[in-house]
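In this chain, residues are counted from 1 in sequence order.
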Amino acid sequence: MKYADEFRDKTIAQGLARAIGAEAKSQRDYRFMEFCGGHTHAIFRYGLEDILPANVRMIHGPGCPVCVLPASRIDMAIRLAELPQVTLCIYGDLMRVPGSQGKSLLSAKAFGADIRMVYSTLDAILIAEQAPNREVVFFAIGFETTTPPTAVMIRLAEKKWLKNVSVFCNHVLTPAAMHSILEGQDIHNGGRIEVDGFLGPAHVSTIIGTKPYEVLAEKFGKPIVIGGFEPLDMMQAILMLVRQVNESRYEVENQYSRAVTRKGNRRAKEKVSDIFEVRDQFEWRGLGLVPHSGLKLKQAYAQFDAEMRFAMHEVRVADNPTCECGAILRGLKGPVDCKLFGTVCTPETPIGSCMVSSEGACAAHWTYGRFRIIN
């Protein structure tokens, strides 16, 4: 556990909690959004909310790529997978996410669709090489962290002259979503959440660096601290946020300096910019249509674009009205505010994407806090 135990030291964590308690002013509340689902799970796994002062509150954000994918994109993937010539390659978390009619890719597979779970984009290349008579489509999702491997896949398919490979692109962009939350563009969908600062994502920031957040901190006057996923990382980042709020500062600070730089990973960003361009808008579950928040393939790579290759069309559909995933992803509600949580919606029988995904807020509540909540 070298390089892990050092970041989970109980004594140091308690010291950081005392420091946060000492510096947090009793006459005000501190509302910090952890954007990333990995942070949400770590908060519950290590019981960090239990050792924070009562007036320092963590709000779960939309940083789970499976959770934010709207039902309309799942519907598109199901229709694509049901084409007789198509083999759809996906990551496992997507299998049980329900579409608009409650149908999932798992049920489509049960009815005969050729859907295969893969662990990397290169698995899809291998499948395409082994089955040249099939149209192999990779269902690409994720934030800036998973986009470079998709770019590498397309480059490799081009290099190998593979004609039976394409990508259904659903890659999304973190800063645009943070901008939407701060600007309150979701107000017509049920209100907005007030946040005093962000615990910024770690993995995403290893790719894009800290620079893209600077305009957000400046424009909205909100501090952003990039923090790692270990408990001491997050406690230190929260302390840094409290200090910025107390000092009326709104800067981008980097707690996760052992992995994140201001400029990020230059080579990864170049690979992405070679292949992808920004969409005018992209729909997020919970946030609605967010300007400049998604990626698509450039025209030069249109032969690898599944949406063009198969004339795919998106039809926007409403979410299940009894499921509160949308409000949870906006930070307006918590998992236990949903009447389905722990009743008909469990990890075994998920109704919403927040329970399906291993990074979802509902899955985190269920896995690490259900007994305390239900009892």
Engineer: So do the side chains of Phe304 and Met153 get within less than 4.5 Å of each other, counting heavy atoms only?
Structural biologist: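 Phe304 does not reach Met153 side chain to side chain.
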
Engineer: Do the side chains of Arg134 and Asp114 get close enough for a salt bridge, i.e. N-O under 4.0 angstrom?
Structural biologist: yes

Engineer: Considering residues at least two apart in sequence or located in another chain, which fulfil the ring-ring contact (aromatic ring centres under 6.0 Å, His included) criterion with Tyr213?
Structural biologist: none

Engineer: Rounded to the nearest 0.5 Å, how far does CE of Met235 lie from CE of Met240?
Structural biologist: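 Taking CE in Met240 and CE in Met235, the distance rounds to 14.0 Å.
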
Engineer: Report the C-alpha distance between Trp366 and Thr346 in whole Å, list the side-chain angles of each, state the deciding distance to 0.1 Å, and finish with yes or no for side-chain hydrogen bond (donor to acceptor under 3.5 Å, both in side chains).
Structural biologist: CA-CA 8 Å; Trp366 181 268; Thr346 69; over 6 Å; no

Engineer: Would you call the rings of Phe44 and His60 parallel, tilted or perpendicular, taking 30° and 60° as the class edges?
Structural biologist: tilted

Engineer: Taking 4.0 angstrom as the limit, do Asp274 and Arg155 come out as a salt bridge?
Structural biologist: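 Yes.
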
Engineer: Does some side-chain heavy atom of Leu239 sit less than 4.5 Å from a side-chain heavy atom of Met234?
Structural biologist: no

Engineer: With side-chain hydrogen bond (donor to acceptor under 3.5 Å, both in side chains) as the test, would you mind laying out the steps for Glu251 and Gln244 before giving the verdict?
Structural biologist: CA-CA 8 Å; Glu251 301 170 4; Gln244 284 209 46; 5.0 Å; no

Engineer: Would you mind checking if Glu214 and Lys211 are paired as a salt bridge, meaning a charged N to carboxylate O distance below 4.0 Å?
Structural biologist: no

Engineer: Applying side chain to side chain contact (heavy atoms under 4.5 Å, CB included) between Arg116 and each of Val136, Ile127, Ile90, report the one that passes.
Structural biologist: Ile127

Engineer: Can Tyr46 and Arg8 be said to form a side-chain hydrogen bond (donor to acceptor under 3.5 Å, both in side chains), step by step?
Structural biologist: CA-CA 9 Å; Tyr46 298 109; Arg8 301 173 185 175; 3.3 Å; yes

Engineer: Go through Lys222 and Glu218 one step at a time and tell me if the salt bridge (charged side-chain N to carboxylate O under 4.0 Å, His left out) criterion holds.
Structural biologist: CA-CA 7 Å; Lys222 304 291 183 183; Glu218 175 67 25; over 6 Å; no

Engineer: Taking CZ in Phe310 as the centre, count heavy atoms belonging to other residues, nucleotides or ligands within less than 6.0 Å. Is the count above 12?
Structural biologist: yes

Engineer: If the condition is ring-ring contact (aromatic ring centres under 6.0 Å, His included), which residues does Phe229 pass it with, not counting sequence neighbours?
Structural biologist: His39, His203

Engineer: Measure across Met33 and Gly331 and return the closest heavy-atom pair with its distance rounded to 0.1 Å.
Structural biologist: CE-CA, 4.4 Å

Engineer: Phe276 vs His171 aromatic rings, parallel, tilted or perpendicular, using cut-offs 30° and 60°?
Structural biologist: perpendicular

Engineer: Sequence neighbours excluded and cut-off under 3.5 Å, please list the side-chain donor-acceptor pairs for residues 11-22, or say none.
Structural biologist:
none

Engineer: Give the minimum heavy-atom separation between Ile78 and Ala108, together with the two atoms involved.
Structural biologist: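 The answer is CG2-CB, 4.2 Å.
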
Engineer: Could you give all pairs that pass the salt bridge (Lys or Arg N to Asp or Glu O under 4.0 Å) test and reach residues 91-109, with sequence neighbours left out?
Structural biologist: Glu82-Lys103

Engineer: Got a salt bridge between Glu283 and Arg73, using NZ or NE/NH1/NH2 to carboxylate O under 4.0 Å?
Structural biologist: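 No, Glu283 and Arg73 are not salt-bridged.
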
Engineer: Could you list the residues that satisfy side chain to side chain contact (heavy atoms under 4.5 Å, CB included) with Thr206, not counting sequence neighbours?
Structural biologist: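 Testing Thr206 for side chain to side chain contact (heavy atoms under 4.5 Å, CB included), a comparison that skips the adjacent residues, returns Tyr256, Ala259, Val260.
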
Engineer: Please identify each residue that fulfils ring-ring contact (aromatic ring centres under 6.0 Å, His included) with Phe198, with sequence neighbours left out.
Structural biologist: none

Engineer: Hey, is Arg266 close enough to Glu270 for a salt bridge, meaning N to O under 4.0 Å?
Structural biologist: yes

Engineer: For Pro201 and Ile226, work out which heavy atoms get closest and say how close.
Structural biologist: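 That would be O-CG2, 3.4 Å.
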
Engineer: If you round to the nearest 0.5 Å, how far is CG of Leu94 from CG of Leu106?
Structural biologist: 12.0 Å

Engineer: Is there any side chain to side chain donor-acceptor pair (under 3.5 Å) pair reaching into residues 118-127, and which pairs are they, with sequence neighbours excluded?
Structural biologist: none

Engineer: Just one of Ile154, Val137, Val86 clears the side chain to side chain contact (heavy atoms under 4.5 Å, CB included) bar with Ser166, so which one?
Structural biologist: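 For Ser166, the side chain to side chain contact (heavy atoms under 4.5 Å, CB included) check succeeds only for Val137.
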
Engineer: Quick one: are Val68 and Leu329 in side-chain contact, heavy atoms under 4.5 Å?
Structural biologist: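 Of all side-chain heavy-atom pairs linking Leu329 with Val68, at least one is under 4.5 Å.
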
Engineer: With Phe7, which residues qualify under side chain to side chain contact (heavy atoms under 4.5 Å, CB included), at least two apart?
Structural biologist: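 With neighbours one apart ignored, the set is Glu230, Asp233, Arg258.
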
Engineer: Could you state whether Val290 and Leu69 fall into the same hydrophobic cluster, counting links through intermediate Ile, Leu, Val, Met, Phe, Trp or Tyr residues with side-chain heavy atoms under 4.5 angstrom apart?
Structural biologist: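 As far as the 4.5 Å side-chain criterion goes, Leu69 and Val290 are not connected within one cluster.
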
Engineer: Report whether Ile59 and Ile224 are members of the same hydrophobic cluster (ILVMFWY, side-chain heavy atoms less than 4.5 Å apart, transitive linking).
Structural biologist: yes

Engineer: Enter the distance from Ser205:OG to Asn254:CG here, rounded to the nearest 0.5 Å.
Structural biologist: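 Rounded to the nearest 0.5 Å, the OG-CG separation comes to 7.5 Å.
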
Engineer: With the threshold set at 4.0 Å, does a side-chain nitrogen-carboxylate oxygen contact exist between Glu307 and Arg279?
Structural biologist: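 Salt bridge flag = yes for Arg279 with Glu307.
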
Engineer: Considering only heavy atoms from C-beta outward, does the side chain of Asp305 approach that of Val167 to under 4.5 Å?
Structural biologist: no

Engineer: Is the shortest distance from a Lys or Arg side-chain nitrogen in Glu324 or Lys333 to a carboxylate oxygen in the other one below 4.0 Å?
Structural biologist: yes

Engineer: Applying ring-ring contact (aromatic ring centres under 6.0 Å, His included), name anything that partners Phe139, two or more places apart in sequence or on another chain.
Structural biologist: Phe168

Engineer: Heavy atoms only: give me the nearest Gly142-Pro65 pair and the separation to one decimal.
Structural biologist: CA-CB, 3.5 Å

Engineer: Does Lys298 have more than 12 heavy atoms from other residues, nucleotides or ligands lying within 6.0 Å of its NZ?
Structural biologist: yes

Engineer: Atom CE of Met355 and atom SG of Cys67: how far apart are they, to the nearest 0.5 Å?
Structural biologist: 10.5 Å

Engineer: Considering residues at least two apart in sequence or located in another chain, which fulfil the side chain to side chain contact (heavy atoms under 4.5 Å, CB included) criterion with Thr261?
Structural biologist: none

Engineer: Using side-chain hydrogen bond (donor to acceptor under 3.5 Å, both in side chains), reason through Thr174 and Glu144 one step at a time and then give a plain yes or no.
Structural biologist: CA-CA 7 Å; Thr174 303; Glu144 292 88 339; 2.8 Å; yes

Engineer: Roughly how far apart are Leu182 CG and Glu194 CD, rounded to 0.5 Å?
Structural biologist: 9.5 Å

Engineer: Counting only heavy atoms not in Glu247, do more than 12 sit closer than 6.0 Å to its CD atom?
Structural biologist: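 Counting other residues, nucleotides and ligands, CD of Glu247 exceeds 12 neighbours.
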
Engineer: Pairs in or reaching into residues 69-114: which pass ring-ring contact (aromatic ring centres under 6.0 Å, His included), with residues at least two apart or in two chains?
Structural biologist: Tyr91-Phe138

Engineer: For the residue pair Gly63 and Glu359, what are the closest heavy atoms and their distance?
Structural biologist: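 Result for this residue pair: O-OE1, 3.7 Å.
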
Engineer: Measure the spacing between OG1 of Thr145 and CD1 of Ile208 and express it to the nearest 0.5 Å.
Structural biologist: 8.5 Å

Engineer: Answer whether the closest heavy-atom distance between the side chains of Leu162 and Val165 falls below 4.5 Å.
Structural biologist: yes

Engineer: Identify whether Ile181 and Phe220 are in the same connected component of the hydrophobic contact network (ILVMFWY, side-chain heavy atoms under 4.5 Å).
Structural biologist: yes

Engineer: Mind checking side chain to side chain contact (heavy atoms under 4.5 Å, CB included) for Ala237 and listing every partner two or more places apart, or none if nothing turns up?
Structural biologist: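 By the side chain to side chain contact (heavy atoms under 4.5 Å, CB included) rule, Ala237 matches Leu199, Val225, Gln255.
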
